[in-house]
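Remarks on the structure that follows.
Quick note: residue numbers are just sequence positions, from 1.
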Amino acid sequence: MSFGPPVSHVYDPLIYAWDAHELYLRRYASDTRRVVFLGMNPGPFGMVQSGVPFGEIGAVRDWLGIEVPVLKPRLENPWRPIEGFACRRSEVSGRRLWGLFSERFGSAEAFFAEHFVANYCPLAFFDRARNLTPDRLPAAVVAPLFEACDAHLSELVGALQPEWVIGIGAFAEKRASEALVSLPVKIGRILHPSPASPVANRGWASAATGRLIALGIWQ
């Protein structure tokens, strides 16, 4: 696929950060999972750097126990360079997400016994320094992109056989509802932990926990 303006650069961490992502999959997706949390796409200081969904460096290194060398993409964005695990910027969404799971479950092994975290789209898009989420891309390019992402999500759900897929935000919930319409899986949503959301900034963890309890996923 190719992406024209306003996209200046595209990152695929499943290529240059594959070693980290493969370790994440082998360690935490080796069997079926009851709940799959689904994000939108890699963040510039999260999965773009670490190869792990919502991959805030501190959480990936210290809680998930993953720290491996990350290569450079073929065409690096000078406004958003790849620093791997040396990145000092914090991915706030990932810090909030993994922070909640860490607080509630204690160990990563306890959380991943029934849960998994994935992204709908593996690609990160930039307009120089500006992060472009898939919902902001021109309509002409999203159809083939979403078709590929739908197929991958269906494959992931077929492998993990979850009871629930929980969209982290409205976009992920909508894509899951459309991609998985023929599969026997329940779809739900929690608030996205983005710092751009005033609601999330007023207590995301308690809002997400309350919603998961209301759905009957957590007690």
Item checked: Closest non-hydrogen atom pair, C87 against I57 -> O-CG1, 3.9 Å

Notebook entry, point to check: Passes side-chain hydrogen bond (donor to acceptor under 3.5 Å, both in side chains), R136 versus N131? Steps please.
Noted result: CA-CA 10 Å; R136 297 178 182 174; N131 184 43; over 6 Å; no

Note to self: Angle between ring planes, H21 versus Y24, binned at 30° and 60°: parallel, tilted or perpendicular?
What the structure shows: tilted

Notebook entry, point to check: Is there a donor-acceptor contact under 3.5 Å from the side chain of R189 to the main chain of A172?
Noted result: no

Item checked: Side chain to side chain, V165 and V35, heavy atoms closer than 4.5 Å -> no

Check: Are the aromatic ring centres of F45 and F85 under 6.0 angstrom apart?
Finding: no

Note to self: Counting only heavy atoms not in E147 (residues, nucleotides, ligands), do more than 12 fall under 6.0 Å from its CD?
What the structure shows: no

Notebook entry, point to check: Under 3.5 Å, is there a donor-acceptor pair between the side chain of Q49 and the main chain of P81?
Noted result: yes

Margin query: Using side chain to side chain contact (heavy atoms under 4.5 Å, CB included), reason through F54 and N119 one step at a time and then give a plain yes or no.
Written below: CA-CA 8 Å; F54 288 88; N119 270 331; 4.0 Å; yes

Check: When the ring centroid of F101 is compared with that of F37, is the distance short of 6.0 Å?
Finding: yes

Next item on the list: Determine yes or no for a side-chain-to-main-chain donor-acceptor pair under 3.5 angstrom, with Y11 supplying the side chain and P44 the backbone.
Entry: no

Note to self: I want to check something: taking the side chain as every heavy atom from C-beta on, are I66 and V60 in contact at a cut-off of under 4.5 Å?
What the structure shows: yes

Note to self: Quick one, L132 and P6 - any side-chain contact, counting heavy atoms below 4.5 Å?
What the structure shows: yes

Notebook entry, point to check: Does any non-hydrogen side-chain atom of T209 lie less than 4.5 Å from one of W218?
Noted result: yes

Note to self: Are there over 12 heavy-atom neighbours, none belonging to R27, within less than 6.0 Å of that residue's CZ?
What the structure shows: yes

Notebook entry, point to check: Would E91 and R95 count as a salt bridge (Lys or Arg N to Asp or Glu O under 4.0 Å) if you check the C-alpha gap in whole Å, the side-chain angles of each, and the deciding distance to 0.1 Å?
Noted result: CA-CA 6 Å; E91 182 84 355; R95 190 172 73 236; over 6 Å; no

Notebook entry, point to check: Rounded to the nearest 0.5 Å, what separation is found between the CD atom of E178 and the OG atom of S182?
Noted result: 12.5 Å

Notebook entry, point to check: With under 30° as parallel and over 60° as perpendicular, where do the rings of W63 and W98 fit, or are they tilted in between?
Noted result: tilted

Check: F126 and L75: same hydrophobic cluster, using ILVMFWY side-chain contacts below 4.5 Å?
Finding: no

Checklist line | Minimal non-hydrogen separation, P138 against P5, with atom names | finding: CG-O, 4.2 Å

Next item on the list: Assess the pair F105 and H115: is the distance between their ring centroids shorter than 6.0 Å?
Entry: yes

Margin query: Parallel, tilted or perpendicular: which one describes the rings of F112 and Y28, with boundaries at 30° and 60°?
Written below: parallel

Check: How long is the gap from CG on L64 to OG on S107, to the nearest 0.5 Å?
Finding: 11.0 Å

Checklist line | D135 vs M40 side-chain heavy atoms within contact, under 4.5 Å | finding: yes

Check: Of all heavy-atom pairs between A179 and S154, which one has the smallest distance, and what is that distance?
Finding: O-OG, 3.4 Å

Next item on the list: Verify the cluster assignment for V52 and I15: are they in a single hydrophobic cluster under the rule of side-chain heavy atoms below 4.5 Å apart?
Entry: no

Next item on the list: Check whether any side-chain heavy atom of L123 sits under 4.5 Å from a side-chain heavy atom of N41, and report yes or no.
Entry: no

Check: Is the backbone of I82 close enough, under 3.5 Å, to the side chain of E76 for a donor and an acceptor to pair up by distance?
Finding: yes

Check: Is the backbone N or O of S194 less than 3.5 Å from a side-chain atom of S197, with the two atoms forming a donor-acceptor pair by type?
Finding: no

Check: Is a donor on one side and an acceptor on the other found under 3.5 Å between the side chain of D127 and the backbone of V7?
Finding: no

Notebook entry, point to check: Shortest non-hydrogen contact from P134 to V142?
Noted result: O-CG1, 3.8 Å

Next item on the list: With R33 as the cation and F116 as the aromatic partner, state whether NZ or CZ is under 6.0 Å from the six-membered ring centre and within 45° of the axis.
Entry: no

Item checked: Exercise: identify the closest heavy-atom pair between S50 and A20 -> O-CB, 3.1 Å

Check: Does a side-chain heavy-atom distance below 4.5 Å link R175 with C149?
Finding: no

Next item on the list: Kindly determine whether R211 and I190 satisfy side chain to side chain contact (heavy atoms under 4.5 Å, CB included), including the steps that lead there.
Entry: CA-CA 6 Å; R211 181 60 182 156; I190 59 173; 4.1 Å; yes

Notebook entry, point to check: Counting N and O atoms only, with roles assigned by atom type, does the side chain of N77 sit under 3.5 Å from a partner on the main chain of W79, one being a donor and the other an acceptor?
Noted result: yes

Notebook entry, point to check: Looking only at heavy atoms, which two atoms of Y16 and V48 are closest? And how far apart?
Noted result: OH-O, 2.7 Å

Notebook entry, point to check: Do I187 and E173 come within less than 4.5 Å of each other through their side chains, counting heavy atoms only?
Noted result: yes

